[in-house]
Structures are given as structure tokens and as C-alpha cells.
Amino acid sequence: APTYLGLFLPGLRAVREMSSQGGPTPPFSTLSISHPASMITHVELYRPEKRNAMNRAFWSEMVECFSQIAVDAECRVVVVSGAGKIFTAGIDLMDMSSDFIQPVGDDSARTSWNLRRLIAKYQETFSVIEKCPKPVVVAVHGACIGGGVDLITACDIRLCTQDAWFQVKEVDIGLAADVGTLQRLPSVIGSRSLVNELALTARKMYSDEAKTCGLVSRVFPDKEAMLAGALELAGEIAARSPVAVQGTKINLIYSRDHSVADSLDYMATWNMSMLQTQDVLKSAQAAIEKKSPKEVPFSKL
């Protein structure tokens, strides 16, 4: 079990601030952005009065937010969580339904073309998380429904509370999930049978099953403990060489989608340049001197 001894006062203050942000961060209307610790960015879904339902603004704001994070040298790790009582209720049907119920077009070809363009735009909302070279730790409490599953499967590390539950909801509203769940969940869980069952029945999966099947790697008793764990985990990652960490994320995702031979070739090409970094020498020196990576001053990337 993880320990939180190192967090104590400054860390616990940071955790409490993480779970009680005052509101969305301009220019965003659905996201609250904070920096609870050095090199860590916290992205909080912030529509608590709407159960963090994903409205039109959210879909574009996530792209803008993670595009900024991707090139932010001050950020090495991202923690994503939800404000209020649950992580997210998924798509905001009241706000979004007109896009799909009355798509624009003069004939079926043009209507289809416009609808395809719209779906591709929404897919980018979560693909941008996967494309971001900074590792993303997502912390789920309460319900994670529909689009929430699309979101978390694009993240690198998933944590949840004991009261968390997950639901691939789309068949209940008459469509096949189209922004990432059906593509990423099979790789995350590893059981096609279980993925098929969840996607075809829209049944709820609770935290114990989520842990057993590998959807999440840790379960915490409550939200505060989970955010403390997320912050500690993010701190461990942020302490390592950003060259090593970001290269690791990029190559893990590449290897998921390519053969072993292709992935090894890509890795060799990647590291023929990335090994020429001072970070290797600094890390080796620290190991010889029995120092923690946290004591090594790695340059920003």
C-alpha cells in the first residue's frame, strides 16, 4: 500500500486545494487548472452543478488545454480529476443532441460528410490526451459514465475510489461509442469478452471489478486519499528525467499499435538521439552516489 508520509503539511494542503478549486480557470468555462506541486498540472473537470457533463465548450476546451500542456516546459505530469460529487455523467445530451439529431447537409452525402467531420472533432478531444507527451494520471470518484470512459482510457494511469463505478453507456442512448472506448478499452482490459459485455449491455462495473480486470491500478478509500495518492505518484514521475519519461510514454503507445519488430526499430531510432542526453550521466551519477532522482536537477524539456 502506498504511504503518504512525505506529503504531510504542504502535500495535504495541496490535496485539499485540489479537491476544492473555486471555479473554472479563464479562458476555460468547464476546466479548472492548478499547479499543486512542482512540475505537476492538475486539470479538474469543473461543472459540478451539472455532474461534470460534457457540453459543447468542454469538447474544444480539452483540446486547447492539452495542446498547451504538451508544450509547457513547466509541466512534466498531469493529474485529471472531477469536481463535485462524481467524476462525470458523460455527454451533456441537452446541450449536444442537436448536433446529431439534426445534422446539417443538403443531401445524405453532405449530411454524412458533416457528421463525420463532427465525430472526428470530438474524437480529438480525448486523442489529444494520448498524444500529449506528458504522462496523464486520472483520478476517478463516483460515476464515470459514457464519455468519461472514453476520457480515462486515453490516460496513462487510472486510479479510483471504492465508490467509483464505470459504464459504457452509449448503447442505451442508441449509438455505438465513437470517441475512443471501443478502440482503447480492449487494450486496457485485455479481455475482449469483458469489453464486449460492458459495451453491449451498458452494465455498471464497480471498483473491485475495475481493479481485477486492470481498468484501474489502485483503489482508494475516498477522494482525498486518492488525490493524495495521485499527487504522490505524479511527484515520483516528475522527479525522473523528462527525456526518459516522455520517451517512455510515446514508445509504450507506439508499441501498443505496432508489431514487436516495428516497435524495436522505432525505439532504436528514438534512442539513437535521446541517449545523447546529460540526463543519463546525471542519473547514473546519482545512482552511484545513492541519491534519489528527486535530488537530480534535470533541465526542462
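- Of the inter-residue distances, the one linking Phe58 atom CZ with Asp95 atom CG reads 12.5 Å to the nearest 0.5 angstrom.
- Rounding to the nearest 0.5 Å places CG of Asp163 at 11.0 Å from OH of Tyr206.
- A donor-acceptor pair under 3.5 Å is formed between the side chain of Ser241 and the backbone N or O of Val243.
- The structure places OG1 of Thr248 at 9.5 Å from CH2 of Trp270, a figure rounded to the nearest 0.5 Å.
- Counting heavy atoms of neighbouring residues, nucleotides and ligands inside a 6.0 Å radius, atom CD of Gln68 exceeds 12 of them.
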Check your understanding: Can you list the steps and then say if Val149 with Leu198 is a side chain to side chain contact (heavy atoms under 4.5 Å, CB included)?
Key -> CA-CA 11 Å; Val149 179; Leu198 294 169; over 6 Å; no
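- Side chains of Ser81 and His141: no donor on one and acceptor on the other come within 3.5 Å.
- Between Ser127 and Arg184, some side-chain heavy-atom pair lies under the 4.5 Å cut-off.
- When hydrophobic clusters are built by joining Ile, Leu, Val, Met, Phe, Trp and Tyr residues whose side-chain heavy atoms come closer than 4.5 Å, directly or via intermediates, Leu231 is grouped together with Leu227.
- Counting heavy atoms from C-beta on, the side chains of Met267 and Asn271 come closer than 4.5 Å.
- Contact check for Leu233 versus Arg218: side-chain heavy atoms found under the 4.5 Å cut-off.
- For the 3.5 Å distance criterion, the side chains of Arg56 and Thr30 fail to qualify, holding no donor opposite an acceptor.
- For Asn114 (side chain) and Arg110 (main-chain N/O), a donor-acceptor pair under 3.5 Å exists by modelled atom type.
- Of all non-hydrogen atoms in Val171 and Ala199, the two that sit nearest each other are CG1-O, 3.3 Å.
- Checked by atom type and distance alone, the side chain of Arg158 pairs as donor or acceptor with a backbone atom of Ile152 at under 3.5 Å.
- Residues satisfying the side-chain hydrogen bond (donor to acceptor under 3.5 Å, both in side chains) criterion with Ser29, sequence neighbours excluded, are Glu61.
- Taking 4.5 Å as the limit, some side-chain heavy atom of Val245 sits within range of a side-chain heavy atom of Pro135.
- Under the 4.5 Å side-chain contact rule for hydrophobic residues, Leu281 and Val296 do not share a cluster.
- A donor-acceptor pair under 3.5 Å is formed between the side chain of Gln123 and the backbone N or O of Asp178.
- In this structure, Asp156 and Val137 have side chains that are not in contact, with every pair of non-hydrogen atoms separated by 4.5 Å or more.
- Phe298 approaches Pro242 most closely through the heavy-atom pair CB-CD, 3.8 Å.
- Judged by distance alone, the side chain of Asn251 and the main-chain N or O of Gly247 form a donor-acceptor pair under 3.5 Å.
- Closest approach of Leu182 to Ala176, counting heavy atoms only: CD1-CB, 4.4 Å.
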Review point. Does the side chain to side chain contact (heavy atoms under 4.5 Å, CB included) test come out yes or no for Ser207 and Thr161, once each step is laid out?
Key: CA-CA 7 Å; Ser207 60; Thr161 54; over 6 Å; no
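- Not one N or O on the side chain of Glu124 forms a donor-acceptor pair closer than 3.5 Å with the backbone of Ala120.
- Applying the salt bridge (Lys or Arg N to Asp or Glu O under 4.0 Å) definition to pairs two or more places apart or across chains, those involving residues 292-301 are Glu74-Lys300, Glu236-Lys294.
- A 4.5 Å side-chain heavy-atom check between Val140 and Val216 finds every atom pair outside the cut-off.
- Taken from CG in Leu215 to OG in Ser191, the straight-line distance is 12.5 Å, to the nearest 0.5 Å.
- Minimum heavy-atom separation, Val79 to Ala234: CG2-CB, 3.9 Å.
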**Study point:** Derivation of the side chain to side chain contact (heavy atoms under 4.5 Å, CB included) call for Ile129 and Phe126
**Key:** CA-CA 5 Å; Ile129 298 172; Phe126 303 131; 4.3 Å; yes
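- To the nearest 0.5 angstrom, Ile237 atom CD1 is 13.0 Å from Lys134 atom NZ.
- Cluster annotation: Ile86 is not connected to Leu31 through the hydrophobic network of ILVMFWY side chains, with a link wherever side-chain heavy atoms come within less than 4.5 Å.
- Using a 4.0 Å cut-off between charged nitrogen and carboxylate oxygen, Asp208 and Lys211 do not count as a salt-bridge pair.
- Using a 4.5 Å heavy-atom threshold, the side chains of Leu45 and Leu151 count as touching.
- Proximity of a side-chain donor or acceptor of Asn196 to a complementary backbone N or O of Arg192 within less than 3.5 Å is detected.
- Hydrophobic cluster membership differs between Ile253 and Val78, with clusters built from Ile, Leu, Val, Met, Phe, Trp and Tyr side chains linked at under 4.5 angstrom.
- By the side-chain contact (heavy atoms from CB on, under 4.5 Å) test, Pro133 pairs with Ala70, Gln246, Ile250, sequence neighbours left out.
- Here the closest non-hydrogen pair linking Phe87 and Gly148 is CE2-O, 4.4 Å.
- Looking at Lys282, its side chain does come within 3.5 Å of a backbone N or O of Pro297 through a donor-acceptor pair.
- When atom types are taken as modelled, the side chain of Asn55 and the backbone of Asp92 share no donor-acceptor pair closer than 3.5 angstrom.
- A search for side-chain hydrogen bond (donor to acceptor under 3.5 Å, both in side chains) contacts involving Glu289 returns Gln285, Lys291, not counting sequence neighbours.
- When only modelled atom types and interatomic distance are considered, Thr181 and Asp150 share a side-chain donor-acceptor pair under 3.5 Å.
- Side-chain N or O atoms of Lys249 include one that pairs as donor or acceptor with a backbone N or O of Cys132 at under 3.5 Å.
- Follow the hydrophobic side-chain contacts under 4.5 Å out from Trp165 and you never reach Met205; the two are in separate clusters.
- Applying the side-chain hydrogen bond (donor to acceptor under 3.5 Å, both in side chains) rule to Lys169 yields the partners Asp172; only residues at least two apart in sequence or on another chain are considered.
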Review point. Stepwise, does the side chain to side chain contact (heavy atoms under 4.5 Å, CB included) test hold for Val43 with Phe28?
Key: CA-CA 11 Å; Val43 177; Phe28 304 125; over 6 Å; no
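- Between Tyr122 and Trp59, the ring-plane angle classifies as tilted under the 30° and 60° cut-offs.
- Across all their heavy atoms, Gly235 and Ile40 have their closest contact at N-CD1, 3.6 Å.
- Considering only heavy atoms from C-beta on, Thr125 stays 4.5 Å or farther from Met54 through its side chain.
- Applying the salt bridge (Lys or Arg N to Asp or Glu O under 4.0 Å) test to every pair with at least one member in residues 250-263, sequence neighbours left out, gives these pairs: Glu130-Arg256.
- Note that CD1 of Ile189 is 4.5 Å distant from CG of Leu194, once rounded to the nearest 0.5 Å.
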